[in-house]
Protein chains: 2
Amino acid sequence: MRPTKRDELVAKALSAFYRTGFQATGMDRLAAETGVSKTSIYKHFRTKEELILAALRLRDEQFRNFRTRRLEALADTPRGQLLAIFDLLGEWFRQDGFRGCMFIKASAEYQEPEHPIHAQSAEHKRLLFVHVRKLAEQAGAPDPAALARALMLLEEGAIVTAHLGYAPDPAGDAKAAARVLIAAALGPW
Amino acid sequence: MRPTKRDELVAKALSAFYRTGFQATGMDRLAAETGVSKTSIYKHFRTKEELILAALRLRDEQFRNFRTRRLEALADTPRGQLLAIFDLLGEWFRQDGFRGCMFIKASAEYQEPEHPIHAQSAEHKRLLFVHVRKLAEQAGAPDPAALARALMLLEEGAIVTAHLGYAPDPAGDAKAAARVLIAAALGPW
DNA sequence: GACAAAGTGAACTGATCGGTCCATCTGTTC
DNA sequence: GAACAGATGGACCGATCAGTTCACTTTGTC
């Protein structure tokens with residue numbers, strides 16, 4: 001289906017917010033970077049906050065689709081895919097323009113738990129957890145939820161550490177730790 | 001040594017920034033919350049950014065001192081202290097007013113790696129890593145740096161997850177995972 | 001009490017903020 | 001060419017932003 005002007009606006013807004021932050025990116029600048037006038041932006045979205053939410057929804061959808069497919073490409077088995085999460089993270093961290101996780105940053109800028117932006121960030125992570133737990137179930141983990149929660153912690157920790165930029169290989173470090181946790185849950189490799 | 005007006009200003013600024021964010025807290029509001037006029041603030045600090053840096057330095061110093069002492073209180077041995085990190089995190093997460101990690105939020109709002117605020121956030125984490133590696137060395141880990149990096153990832157992941165607020169017990173989850181990793185590195189408990 | 005140091009409040013500067021308005025332009029359809 | 005729909009740019013609104021100014025007040029020291 002042909003993308004509408006609105007879809008292109010959201011995609012470009014997503015990119016601008018990711019690169020320079022939510023509050024630090026004013027509407028004048030956003031209009032300049034998206035090539036859409038402020039009048040048109042406010043035709044599509046009642047407020048800046050609604051545009052941010054639309055951008056986060058787009059990111060959530062794109063990222064989770066991409067992640068599922070990439071994990072399936074990287075490994076044949078659920079167990080293999082659990083570990084491949086960290087290969088995928090390594091690929092992401094090495095990309096030009098890597099600037100951490102959109103949702104972690106959104107929840108840092110909008111801290112109230114009831115704030116829609118914060119809530120949507122939490123929901124994104126909850127959906128990722130559900131997917132990892134499913135892989136853990138399929139891999140035969142005795143406590144799939146516990147294994148999934150541990151792997152999520154390694155994943156979040158790797159992202160934050162990569163963004164801080166003080167450690168050489170957070171994805172590699174996380175993968176090594178994940179290997180130990182997966183072996184402890186599922187038996188030796 | 002008797003705290004100066006400047007010290008009190010920095011401590012109150014720290015609290016305001018932690019609660020409501022750096023960019024979202026304007027200087028008029030800061031003056032109102034600290035009880036120090038803008039004129040005086042600018043007598044002590046040339047810019048808002050310098051005040052933020054002073055607040056981060058204070059937080060780094062206070063937190064690392066507190067953390068070292070608290071870990072020593074929670075466990076007698078280096079190995080015990082490695083695990084006690086997560087008890088300390090649990091205590092912190094349960095505090096009223098918990099709002100994530102000052103430094104993770106600072107690096108989210110100031111993303112350029114060369115930006116002084118981002119660099120100071122990375123430095124804070126590097127110092128924490130050095131301390132954890134020292135504990136791992138003292139505990140007899142064959143690869144203390146690797147163990148320390150893994151535990152740091154769990155720590156950062158737990159903090160971010162606690163701030164997002166979608167999981168019930170991130171500190172407990174991280175502790176369970178840390179126990180496995182420490183056992184793998186140092187032998188059974 | 002005199003004086004210096006420190007601090008104040010509010011007005012100010014120039015700039016930017018989110019959001020609105022409107023005359024004008026562009027593209028499409030008939 | 002006319003009519004209509006969609007979009008624009010920049011001026012505008014009221015508010016806030018970081019930082020400055022200055023007449024005045026308070027505090028501390030001798």
Side-chain angles (χ1 to χ4, degrees), chain A residues 1-57 102 105-106 108-112 115-118 120, chain B residues 1-57 102 105-106 108-112 115-118 120:
Chain A
M1 206 240 283
R2 174 182 177 70
T4 66
K5 201 73 160 163
R6 182 186 187 281
D7 292 335
E8 290 179 20
L9 164 61
V10 174
K12 284 174 170 170
L14 175 56
S15 174
F17 287 137
Y18 183 63
R19 202 177 335 106
T20 55
F22 299 96
Q23 293 170 44
T25 307
M27 296 304 282
D28 279 333
R29 175 174 183 172
L30 204 61
E33 291 192 15
T34 61
V36 179
S37 71
K38 286 202 293 183
T39 309
S40 288
I41 294 177
Y42 284 103
K43 280 271 187 64
H44 294 295
F45 298 94
R46 288 190 302 155
T47 64
K48 182 182 183 183
E49 179 179 311
E50 285 193 9
L51 177 55
I52 292 175
L53 287 167
L56 291 179
R57 271 193 288 276
M102 196 78 180
K105 295 193 289 183
E109 287 200 47
Y110 300 90
Q111 309 196 72
E112 297 294 335
H115 194 291
I117 292 172
H118 194 104
Q120 194 166 327
Chain B
M1 204 241 284
R2 174 182 177 68
T4 66
K5 201 76 160 167
R6 183 186 186 281
D7 292 335
E8 289 178 20
L9 163 62
V10 175
K12 285 174 172 170
L14 174 57
S15 174
F17 286 137
Y18 182 63
R19 205 178 332 110
T20 55
F22 299 97
Q23 292 170 43
T25 307
M27 295 304 284
D28 278 336
R29 175 177 183 164
L30 203 63
E33 291 193 18
T34 61
V36 179
S37 72
K38 285 203 293 184
T39 309
S40 287
I41 295 179
Y42 283 102
K43 279 265 186 66
H44 295 294
F45 298 94
R46 289 189 303 154
T47 63
K48 182 182 182 184
E49 179 178 309
E50 285 192 11
L51 177 56
I52 292 174
L53 287 167
L56 292 178
R57 270 192 289 275
M102 196 78 180
K105 294 192 292 184
E109 287 200 47
Y110 300 89
Q111 308 198 71
E112 296 295 335
H115 194 290
I117 291 172
H118 194 102
Q120 193 166 330

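A, B, ... follow the sequence lines: proteins, then strands. Residue 1 opens every chain. As the structure is a prediction and not an experimental result, all values here were calculated from the model. Only heavy atoms go into these numbers, but all of them, side chains included; no hydrogens, no water, no symmetry mates.
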Distance check: side-chain N/O of B:S40 vs OP1/OP2 of C:dT8, anything under 4.0 Å? yes
Determine which pairs satisfy salt bridge (charged side-chain N to carboxylate O under 4.0 Å, His left out) with at least one residue from residues 15-25 of chain A, sequence neighbours left out, and list them in order. A:R19-A:E33
Listed partners of [X] passing side chain to side chain contact (heavy atoms under 4.5 Å, CB included), at least two apart:
X: B:T39; value: B:S37
X: B:R57; value: B:L53, B:A54, B:Q120
X: A:E112; value: A:E114, A:H115, B:R99
X: A:E50; value: A:F45, A:R46, A:T47

Using a strict heavy-atom distance below 4.0 Å, which residues from [range] are in contact with DNA chain D?
range: residues 41-57 of chain B; result: B:Y42, B:T47, B:K48
range: residues 13-24 of chain A; result: none
range: residues 25-32 of chain A; result: none

For A:K48, all residues meeting salt bridge (Lys or Arg N to Asp or Glu O under 4.0 Å), sequence neighbours excluded: none
On a heavy-atom basis, the closest approach of A:Q111 and B:G21 is NE2-N, 3.7 Å
In short, A:E49 meets A:P116 closest at the heavy-atom pair OE2-CG, 3.7 Å
Name all residues meeting the side-chain hydrogen bond (donor to acceptor under 3.5 Å, both in side chains) criterion together with B:T25; count only those two or more places apart in sequence or in a different chain, and write none if there are none.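 Once residues adjacent in sequence are excluded, the partners of B:T25 under the side-chain hydrogen bond (donor to acceptor under 3.5 Å, both in side chains) criterion are B:T20.
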Across nucleotides 21-28 of chain C, 5' to 3', mark each nucleotide with B, S or - according to how protein heavy atoms within less than 4.0 Å reach it. BB------
I need the full list of ring-ring contact (aromatic ring centres under 6.0 Å, His included) pairs touching residues 5-42 of chain A, with sequence neighbours left out, sorted by first then second residue.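 Listed by first then second residue: A:F17-A:F22.
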Just by distance, do the side chain of B:E109 and the backbone of B:Q23 share a donor-acceptor pair under 3.5 Å?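 A pair under 3.5 Å: yes.
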Separation of A:L51 CG from A:L30 CG (nearest 0.5 Å):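 A:L30 CG to A:L51 CG: 6.0 Å, rounded to 0.5 Å.
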